[in-house]
Amino acid sequence: MKKNKFIVFVNWILLFSLPAILMTSNISTDQVKSDQETKNLATSLFTKIEEKSKNELVINSESFEEAEDIEIEEIKEKQQVPKKEESVVSPPPKVEEVIKEEPSSDVLATYTGNMSFYYATCRGCSGFTKYGSYDVRDGKLYYPDKQYGNVRIVSAGSEISEWSIIRIKNSSMGDNILAIVLDRGSDIGLGRKFLIDMLTNTDESRGGVNRNITVEVLRNGK
């Protein structure tokens, strides 16, 4: 802007000093016939200079505005610092601790011996079990236990408590037979002729004595 004012100022100086310039340049009166022509020439020259100055002013103004816009854009670009993408770190997956539990044995005691059979109507039998007075006269062979369900009725020695649940293996009746101790008998028990005596009927007793059976105690008493 200061440069443009300076140009205008110079143009005015040239306008008023034009006659002196023409005289010092030895311009003859034939070339400039009168003061009027001098004024016309000066006016024409001033007009051209003024138009040129205006054009330069417009150009300079536009250039200044463009430069100002560019500078503003550069400042904005510098101010717009790209935000760092926050990396989302996912927590490591939880490792579930697996604890191996040793299989707990459900066997409380184990015995080996022989097994015989008895009937509800045998000599000295009343038809009722010693414990619970369960009526077996109608041929019942199973007792409905709340924990183990229907189990066979057996007689055993005092080393196995009444109401105990046992598992009988290697018998002629099959393997892994569940039974409950509801009776006692003579010559029945550990170290005697028979380890246990199973309540049965005529058909089942045909198997005779089962030797070397295994008895596992699963529940001691009730």
Side-chain angles (χ1 to χ4, degrees), residues 83-222:
K83 293 183 179 180
K84 291 183 179 180
E85 294 183 358
E86 295 181 358
S87 57
V88 179
V89 180
S90 56
K94 292 183 178 179
V95 179
E96 294 183 357
E97 184 179 358
V98 179
I99 301 175
K100 290 185 177 180
E101 296 182 359
E102 295 295 330
S104 59
S105 176
D106 55 354
V107 178
L108 303 178
T110 303
Y111 304 96
T112 302
N114 299 329
M115 180 179 72
S116 62
F117 299 90
Y118 73 103
Y119 310 101
T121 58
C122 67
R123 183 185 299 178
C125 296
S126 63
F128 294 87
T129 61
K130 184 175 182 177
Y131 303 106
S133 298
Y134 189 63
D135 187 358
V136 293
R137 289 176 300 176
D138 56 356
K140 290 178 182 177
L141 303 178
Y142 292 87
Y143 177 80
D145 186 77
K146 292 181 180 180
Q147 183 179 2
Y148 286 89
N150 290 329
V151 292
R152 292 294 296 259
I153 299 171
V154 297
S155 172
S158 59
E159 67 276 357
I160 304 177
S161 302
E162 63 273 15
W163 300 100
S164 293
I165 296 292
I166 63 174
R167 180 163 54 205
I168 305 169
K169 292 185 174 183
N170 305 322
S171 75
S172 62
M173 311 295 297
D175 205 5
N176 297 324
I177 297 174
L178 294 180
I180 187 168
V181 178
L182 293 182
D183 267 328
R184 297 294 187 200
S186 61
D187 210 16
I188 302 295
L190 188 63
R192 297 188 178 185
K193 187 176 181 179
F194 302 106
L195 180 63
I196 59 173
D197 205 5
M198 179 179 284
L199 180 63
T200 186
N201 54 38
T202 304
D203 294 334
E204 288 185 330
S205 64
R206 289 177 183 176
V209 176
N210 284 197
R211 301 185 183 278
N212 297 320
I213 57 108
T214 300
V215 172
E216 296 176 342
V217 180
L218 304 182
R219 186 185 72 194
N220 188 20
K222 283 187 176 182

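Positions are given from 1, in the same order as the sequence printed here.
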* To do: Any pair with a residue in residues 133-167 that passes disulfide (SG to SG under 2.5 Å), sequence neighbours left out, goes on the list, sorted by first then second residue, please.
  => none
* Contact list for residues 163-193, test disulfide (SG to SG under 2.5 Å), sequence neighbours left out -> none
* Expected output: side-chain S155 to main-chain D197 donor-acceptor under 3.5 Å -> no
* **Pairing residues for Y148 by the side-chain contact (heavy atoms from CB on, under 4.5 Å) criterion, not counting sequence neighbours** => D145, V151, I165, L178, L218, R219
* Structure fact -> Scanning both residues in full, the closest heavy-atom pair of G221 with S164 reads N-OG, 2.7 Å
* Pairs flagged by ring pair (Phe, Tyr, Trp, His ring centres under 6.0 Å) wherever residues 176-201 is involved - sequence neighbours left out -> none
* To do: For T112, check side chain to side chain donor-acceptor pair (under 3.5 Å) against everything at least two apart and list the hits.
  => none
* Looking at CD of E159 and CZ of R192, how far apart are the two atoms once the value is rounded to the nearest 0.5 Å? -> 8.5 Å
* Asked: Would R167 and D106 count as a side chain to side chain contact (heavy atoms under 4.5 Å, CB included) if you check the C-alpha gap in whole Å, the side-chain angles of each, and the deciding distance to 0.1 Å?
  -> CA-CA 11 Å; R167 180 163 54 205; D106 55 354; 3.7 Å; yes
* **Shortest non-hydrogen separation from C125 to A120 and the atoms involved** => CB-O, 3.4 Å
* Kindly indicate whether a cation-pi arrangement holds for R152 with Y142, taking the cut-offs as under 6.0 Å to the six-membered ring centre and within 45° of the axis. => yes
* Do N170 and N212 have side-chain heavy atoms sitting under 4.5 Å apart? -> no
* Asked: Got a sec, which residues hit side chain to side chain donor-acceptor pair (under 3.5 Å) with D135, two or more places apart in sequence or on another chain?
  -> R137
* Structure fact -> Smallest heavy-atom separation, F117 atom then S172 atom, equals CZ-OG, 4.3 Å
* Not counting sequence neighbours, which residues clear side chain to side chain donor-acceptor pair (under 3.5 Å) with S171? List them please. => none
* **Inter-residue atom distance Y119.OH - N201.CG, 0.5 Å rounding** => 8.0 Å
Please list every donor-acceptor pair under 3.5 Å in which a side-chain atom of residues 183-190 meets a protein atom from a residue at least two apart or in another chain.
residue	atom	partner	partner atom	Å
D183	OD1	K130	N	2.7
D183	OD2	Y118	OH	2.7
R184	NE	Y131	OH	3.2
R184	NH1	A156	O	2.9
R184	NH1	G157	O	2.5
R184	NH1	I160	O	2.9
R184	NH2	I160	O	3.1
R184	NH2	E162	OE1	3.4

* Least distance between heavy atoms, N210 atom then I213 atom -> CB-CG2, 3.8 Å
* Heavy-atom closest pair, residues I168 and A179 -> CD1-CB, 4.1 Å
* To the nearest 0.5 Å, what is the distance between CG (L182) and OH (Y134)? -> 9.0 Å
* **Which residues share a side-chain contact (heavy atoms from CB on, under 4.5 Å) with T110, sequence neighbours left out** => V107, T214, E216
* Structure fact -> Hits for salt bridge (charged side-chain N to carboxylate O under 4.0 Å, His left out) against D175, two or more places apart or cross-chain, chain-then-number order -> none
* Asked: Among all residues two or more places apart in sequence or in another chain, which pass the side-chain contact (heavy atoms from CB on, under 4.5 Å) test with D138?
  -> K140
* Asked: Looking only at heavy atoms, what is the nearest atom pair of V181 and S161, with distance?
  -> CB-O, 3.8 Å
* Asked: Can you list the residues that meet the salt bridge (charged side-chain N to carboxylate O under 4.0 Å, His left out) rule with R211, with sequence neighbours excluded?
  -> none
